[in-house]
Amino acid sequence: MKQHLQQLFTEALEQLDINQDIDIRLERTRDTKHGDFACNLAMILAKKLHKNPRDIANSIVEKLPDNNDFIAKVEIAGPGFINIFLTKQAYHTNIDDILKLKTEYGKNQLGKDQSIMIEFVSANPTGPLHVGHGRGAAYGTALANLLQTAGFKVHKEYYVNDAGRQMDILAVSVWLRYLELCDETIEFPSNGYQGDYIWDIAANLHRNHADKFQQKSTTVFAEISPDITNGGDKELHIDGLIQRAKQLLEDDYKIVFKQALDTILDNINHDLKQFGVEYEEWFLESSLTEADKVQQTIDQLQTAGHTYKKDGALWFKATSFGDEKDRVIVRENGQFTYFASDIAYHKNKLERGFDHLINIWGADHHGYVPRVKHAMTALGYNAKQLTVLLVQFATLYRGQERLQMSTRSGEFVTLRELREEVGRDAARFFYVQRKSEQHLNFDLELAKSQTNDNPVYYIQYAYARISSVMRQLTEQGQTWQYDKTNLTSLETAHEQALLVMLSRYPEVIEMAALAYEPHQLTYYLRDLAQNFHSFYDTNKILIPDNKLRDARLSLTAAVRQVLQNGLMIIGVSTPEVM
RNA sequence: GCGCUCGUGGCUCAGCUGGAUAGAGCGUUGGCCUCCGGAGCCAAAGGUCACAGGUUCGAAUCCUGUCGAGCGCACCA
């Protein structure tokens, strides 16, 4: 609808020989007195052509076809707005489209022939997902769906950090708990993972392997640098324990390590599936190191002259690309930094041929964005191919109390708990509803106790009501037929409002996709549901007058279709009965 | 100290990328079921868009400064 109008404006400008390079922006009006669409083109042109905006508006309007079955009339208002009034016929054609296109209604070809890889959540596999990760999960899938609707080829990926030091800390944590189950007396390191899930993994290990990995506690802790609780350094302490574990367990260390990793990864995978989040690929960081990809990437940087040695470490010259300081990629002890494998990972992504990369990261990573982009530039790629979307933290409250979130200390509310308590639909909607760069206050009490106030139910209720009406019709042994000519009977204000609202859907999809803002869709769906509830309240659908009844049923069916299409993108179900 | 993000009714948030009289939900107050699902509808009260300048036909939106909040500023991941 909007596209058609834009086309008409373009033609009008061509006839006037105005070849200014501007995009014609049409806006929905807030007030029906201003018609259906308004265009400020004349005001923008006035600046460039140094002419009176109203005069320009006049000449444009003369070239616009009106009084046909699409445009009813055109007016010039205020300083030079061009207001367009559409015909009812135009809106009826739109109902036609919805009922014919069904799930295809609202789709567009913005991303035709373009592929996007979208990486999100990618939480370290050192513990279960908590509510903080839920936001990235919900936002990521909604965005992926939205981009798909806009015609992009989308590839969703989870990057598994299974190669860093934190994984060794995890393995050691499990092993120490296992030793406790073997009746060894252990002073658990303050820097170990302390959650209950560590006990669970240890118990499994003990069940499957009995005392096979047991070592005397005194042997394990012999000559280990003291923990912070004993006046030492907690980092040195845990590093000493890692060394000791590898040394004592030899090849068995891998078994413990793998048991820990697999259990947690399975758990994460399961939680995400239950939350309605699925990936095309789970990419292992270890696959990069094993294939020597990190070293190769570093070599490439080195060859290109973007590195230097200092204090025994290898540095990436980030400053020559505008970064505030240079960054270490190989530590003094010869180990790669996280940054190094991340460069290799992004190189790998681009080598796989994606046109565009989207990373959804927690806002605490914002300082990290420039250096990744600089590394891409250094490797000869266009850094613009990467978009990093930062999702602000969710601050978790239980009533007035602010909760801490720490995987290390084991104090957190898991995503699973959230889903079980507030439900998947409500949780998904709650997360997506907020603009991603907004700080989100997540009050568990509120989410739990007032679930009925969550707009998701309001929208689903509209869907269920429609389903109910359709059921009633069938139960009465009746059928209905769609006939476009019947739509002329739709005359009430509520019916008109719904017609307009439905026609906006493709525009909302387009805007939301371009801006990476699925929250726009949630607000639209709420508005649509509200319009439907108002309509439903004052216009009875199942009435004896067949012509009007069928017209209202057509409208209702169209609303149902759009609700379904929109909720699917957000990842919320469409229950026929609630 | 420097950087990033943000500041909109009592609370939680939108505001179509500079447009016409700033909008919702919750909460508050008052109405609406002999009628397709009341998880609903209708209405009212409530905002100098943090503050001060600037840019222009026009600013919640762009620029500068001030104040306030969150997060970053590792040879951690």
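A note on names: the letters A, B, ... follow the listed sequences, proteins ahead of strands, and every chain is numbered from 1. Quantities reported herein were computed from a predicted structural model and do not represent experimental measurements.
Taking the 5.5 Å centre cut-off and the 30° plane limit, the aromatic side chain of A:Y461 is not classed as stacked on B:rG40.
As a whole-Å value, the separation of A:D239 CG from B:rC76 P is 10 Å. The CD-C1' distance, from A:Q520 to B:rG23, rounds to 15 Å in whole Å. Whole-Å rounding puts the A:I24 CD1 to B:rC16 P distance at 21 Å. Atom CG in A:L473 sits roughly 12 Å away from atom P in B:rG37 (whole-Å rounding). Residue A:F535 contributes atom CZ, which lies 19 Å from atom P of B:rC35 at whole-angstrom precision. Distance A:L548 CG to B:rC36 P: 17 Å, rounded to the nearest Å. The nearest whole Å value for the distance from the CD atom in A:Q433 to the P atom in B:rC26 is 12 Å. With rounding to whole Å, A:E324 atom CD is found 10 Å from B:rC4 atom C1'.
A:F336 places none of its side-chain heavy atoms less than 4.5 Å from the side chain of A:R331.
Counting only heavy atoms from C-beta on, A:Y458 has its side chain closest to B:rG40 among B:rC75, B:rG40, B:rC13. Listed nucleotides: B:rC75, B:rA74, B:rG19. Nearest to the side chain of A:F81: B:rG19. Listed nucleotides: B:rG19, B:rA20, B:rU5. Nearest to the side chain of A:Q392: B:rU5. Closest contact between the side chain of A:P79 and the listed nucleotides B:rA74, B:rG19, B:rC75 involves B:rG19. With distances taken from any side-chain atom of A:D31 to the nucleotides B:rU21, B:rG37, B:rA77, the minimum falls on B:rU21. Comparing B:rA77, B:rG40, B:rG23 by their nearest atom to the side chain of A:R465 picks out B:rG40. With B:rA14, B:rG37, B:rC76 as the candidates, the nucleotide lying closest to the side chain of A:K435 is B:rA14. Side-chain proximity of A:R331 to B:rG40, B:rC13, B:rA77: nearest is B:rA77. Taking the side chain of A:V328 as heavy atoms from C-beta on, and the options B:rC75, B:rC16, B:rG40, the nearest nucleotide is B:rC75.
With P as the reference atom, B:rC75 and B:rG10 are 47 Å apart, rounded to whole Å. Rounded to a whole angstrom, the distance from the P atom of B:rC62 to that of B:rC71 is 24 Å.
Judged by Watson-Crick or G-U wobble contacts below 3.5 Å, the nucleotide B:rC41 has B:rG31 as its partner. Using N1 to N3 plus N6-O4 or O6-N4 for Watson-Crick, or N1-O2 and O6-N3 for G-U wobble, each under 3.5 Å, B:rU5 pairs with B:rA69. Applying the Watson-Crick and G-U wobble criteria (two distances, each under 3.5 Å), B:rC26 pairs with B:rG10. Here B:rG58 sits opposite no nucleotide as a Watson-Crick or G-U wobble pair (both hydrogen-bonding atom distances under 3.5 Å).
Remark: the A:H237 side chain and the A:S225 side chain contain no N/O donor-acceptor pair separated by less than 3.5 Å.
The residue among A:R165 and A:K540 whose nearest nucleotide of RNA chain B lies closer to the 5′ end is A:K540. Each of A:G312 and A:H519 was assigned the nucleotide of RNA chain B with the nearest heavy atom; the assignment lying further toward the 5' end belongs to A:H519.
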Distances under 3.5 Å only, N/O to N/O: pair up the protein atoms with those of nucleotides 42-45 of chain B.
from, atom 1, to, atom 2, distance (Å)
B:rC42, OP1, A:S534, OG, 2.7

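At a cut-off of 3.5 angstrom, the base of B:rA20 holds at least one donor-acceptor pair with the side chain of A:N83. Interface remark: the A:H366 side chain does form a donor-acceptor pair with the B:rG3 base, using a distance-only criterion of under 3.5 Å. Side-chain to base pairing of A:D364 with B:rG72: no donor and acceptor N or O lie closer than 3.5 Å to each other.
Here B:rC57 is in the anti range [glycosidic angle more than 90° from 0].
If you check every strand for non-hydrogen atoms under 4.0 Å, A:V577 touches a base.
Remark: A:R549 is not in phosphate contact with B:rC36, judged by side-chain N or O atoms under 4.0 Å from OP1 or OP2.
No donor-acceptor pair under 3.5 Å is formed between the side chain of A:Q520 and the backbone N or O of A:E517.
A cation-pi arrangement is present between A:R526 and A:Y458 under the rule of less than 6.0 angstrom and at most 45 degrees off the ring axis.
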